[in-house]
Amino acid sequence: MARPNEEVEALLQEYADLIAITRGDAIKARAYEKAARAIGGHPSDVSHLDVKGLRDIPGVGKSIAEKVTEYFRTGRVSAVEETRSRIPAGVRELITIPTLGPKKAMTLYQDLHISSIDELADAIHAEKLRDLRGFGEKTEENILHGIALMQQAGDRILLNVAMDTAEDIVAELSRTSGCERCAYAGSLRRMKETIGDIDVLVAADRSAPFMAALTGLPLTAEVIAHGGKKTSIRTTKGLQIDLRVVPPDSWGAGLQYFSGSKAHNIRTRTIAVRRGLKLSEYGLFDAESGQQIASRSEEEVYARLDLPWIPPTLREDRGEIEAGIKGELPALVTERDIRGDLHTHTDLTDGLAPLEEMVRAAAARGYAYYAVTDHAPNLYMQQMTDAKILAQRERIRELDGKHRRMRLLHGTELNIDPDGEVDWPQDFLEGFDICLASVHSHFNLSRKEMTRRLVRACENPHVNVIGHPTTRLIGKRQGIDADWDEVFAVCARTGTALEVNAQPDRLDLCDEDILSAKRYGVKFAIDTDAHSTVTLAHLRYGVGTAQRGWLTKDDVINTWPLQRLRRFLRKGRTT
Ligand code: DGT
Ligand code: CA
Ligand code: CA
Ligand code: ZN
């Protein structure tokens, strides 16, 4: 992405936040936010555009276009400067706390002069907030909880953000002359749900050209360390990239070492030592003679330790070494095994793209089948009606098989109410090919009530998949509390699949929950929950998470042939 576009995106986003804080003019704030996103995602450099050219970008009107040209002409925008001068930067930071909106941030600043997250935490502990209008003990609790979630997430970034950057960098370094191999390693290669920093490895005889290429990239904002073996930079978005260059002969050992995890490496190193060997990032050596034994490929390194090659997504020391020794590593599900997506939306509810576009994009991915599952009526803001969903069904039947012979399933995403009931009566549900059911409200029931709610949903003969089962949002919302062992057992018994939702800020179920559920014999659906054609590609993050949960093809219902899937979706119903 062009750097000027990013600058303007950040500036307009800041202005949107400031407007919301100072005047609470939500509509104007949203307009700036929308324009910020549009400019950030604009394919060409906006600094070359005049007001007229800028206005061709969707969401950019005259006044925004003029601010953008003012920025490129003078390096500043007077309206933004003016607003900034009235609001300390720390107040803007307050609205990044989950559950704390602009109005509350302004109250905190005006009434208590709070202008940083630390000051806010202090004020809550001193019980200063509860007398403010619109605040109370519950608000205090929520804010403290939000701060804790932010601190937990720390500086870790979402998988897709790291992946996009890593792939750009790997492509760039691969083009540098002398490059024999280049790949990302670390937690990203293991598809961990969040990423601390991005580790990139190059195999080449000379390291200098690669270190120079990295520090010279347009996305490099700061060079943290610059050396012959390792160089670290920080990108304009604040991500840290560690680059190491190893000799081509050490590629396998380097990749094995820097892929981690640390816990997995400790195990492999111990196995090496027991065999009179020494394993490091430079190779596998004979401990006595120092002779290099096997280092060119990961397969070679593992083979010399009497292990099969272990997929990176398993390398967490969660039993993969033992399974490897016994020859019992699972044949992990891959992206190619997925025959169709079973949770997707269209613009009939909150999706961005019309049905035909979603279907065309899905068919282009080579799917054998595809389910359209828009929201059901009880999510009131989506305004779904019986008539609308039945009309959609007609269109789906017409499109069925028309794009690359892909079969279409008509489904819906039901809302599980606090009692475990869903939107429509049984005879109406009978008309769908597939029903997902998700929790979209009442996140704070007691464990007992929540468990009962989920169990009842699973016992519904028409509910096939529980969507994003824990409802957690990474860094923003903790998952709901339930007796998951009981829920997993009921899923297995009733033939209700659990979703592995591939949205990078959900990844729900997470790897550890998947591992637990699998022990009960639960089946899974890896879905994107796509709201646009682009996010159909997020499937890979769901597959990565499923692999971290040791899932095989047989565990995942949307790898099955359509006939077997349809049988599963009947849930034993005979009518
Ligand atoms: P992250 O960055 O926090 O998401 O997690 P990783 O796993 O990418 O960790 P990172 O970037 O600190 O290091 C990359 C890999 O390098 C790590 O997975 C294993 C290896 N490594 C780093 N430090 C050590 C160490 O002290 N001992 C061993 N055995 N391996 C290490
Ligand atoms: Ca890392
Ligand atoms: Ca690192
Ligand atoms: Zn949902």
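First listed ligand is number 1; within each ligand, the first listed atom is number 1. The figures that follow rest on heavy atoms only: side chains count, while hydrogens, waters and symmetry mates do not. One-based numbering along the sequence shown.
By the definition of a contact as any protein heavy atom under 4.0 Å away, atom 12 (O) of ligand 1 is not in contact.
The aromatic rings of H343 and H468 lie tilted to each other, with the angle between the two planes from 30° to 60°.
The D197 neighbourhood of ligand 1 comprises atoms 2 (O), 11 (O), with distances under 4.0 Å to a heavy atom of that residue. If you number the atoms of ligand 1 from 1 as listed, the ones under 4.0 Å from a heavy atom of N265 come out as 19 (C), 20 (C), 29 (N), 30 (N). Listed by number with element, the atoms of ligand 1 under 4.0 angstrom from any heavy atom of R190 are 7 (O), 18 (O). Shown in contact with G186 at under 4.0 Å from a heavy atom are these atoms of ligand 1, numbered in order with element: 8 (O). Shown in contact with S261 at under 4.0 Å from a heavy atom are these atoms of ligand 1, numbered in order with element: 18 (O). Listed by atom number, the atoms of ligand 1 under 4.0 Å from R156 heavy atoms are 1 (P), 3 (O), 4 (O). Set against the non-hydrogen atoms of I195, the atoms of ligand 1 under 4.0 Å away are 4 (O).
No more than 12 heavy atoms of other residues, nucleotides or ligands lie within 6.0 Å of CZ in R304, so this atom counts as exposed by the packing criterion. Applying the 6.0 Å contact sphere to NE2 of H226 captures more than 12 heavy atoms from other residues, nucleotides or ligands.
With respect to atom 31 (C) of ligand 1, the closest heavy atom belonging to the protein is Y257 OH, 3.4 Å. Among all non-hydrogen protein atoms, the one lying nearest atom 9 (O) of ligand 1 is D199 OD2, 4.6 Å. The protein heavy-atom contact nearest to atom 1 (P) of ligand 1 is S187 OG, 3.4 Å. For atom 29 (N) of ligand 1, the nearest protein heavy atom (residue, atom name, distance) is R269 NH2, 2.8 Å. Nearest protein heavy-atom neighbour of atom 17 (C) of ligand 1: G260 CA, 3.9 Å. Residue, atom and distance of the protein heavy atom nearest to atom 15 (C) of ligand 1 are F258 O, 3.3 Å.
Rounded to 10°, the angle formed at the Ca ion (ligand 3) by OD1 of D199 and OD2 of D242 is 100°.
Side-chain polar atoms of R315 and S261 form no donor-acceptor pair below 3.5 angstrom. With no hydrogens or angles considered, no side-chain donor-acceptor pair links E316 and H264 at under 3.5 Å. No hydrogens or angles considered: nothing links the side chains of H440 and H442 as a donor-acceptor pair under 3.5 Å. Using modelled atom types and a 3.5 Å distance limit, the side chains of Y282 and Q292 yield no donor-acceptor pair.
Side-chain atoms of L159 and I195, non-hydrogen and from C-beta on, do get closer than 4.5 Å to each other. Q503 is not listed as a side-chain neighbour of T528, based on a closest heavy-atom distance of 4.5 Å or more.
With rounding to the nearest 0.5 Å, the separation of SG in C179 from CZ in R206 is 13.5 Å.
Counting only non-hydrogen atoms, the option in R244, Q240, E193, K262 that gets closest to atom 24 (C) of ligand 1 is K262.
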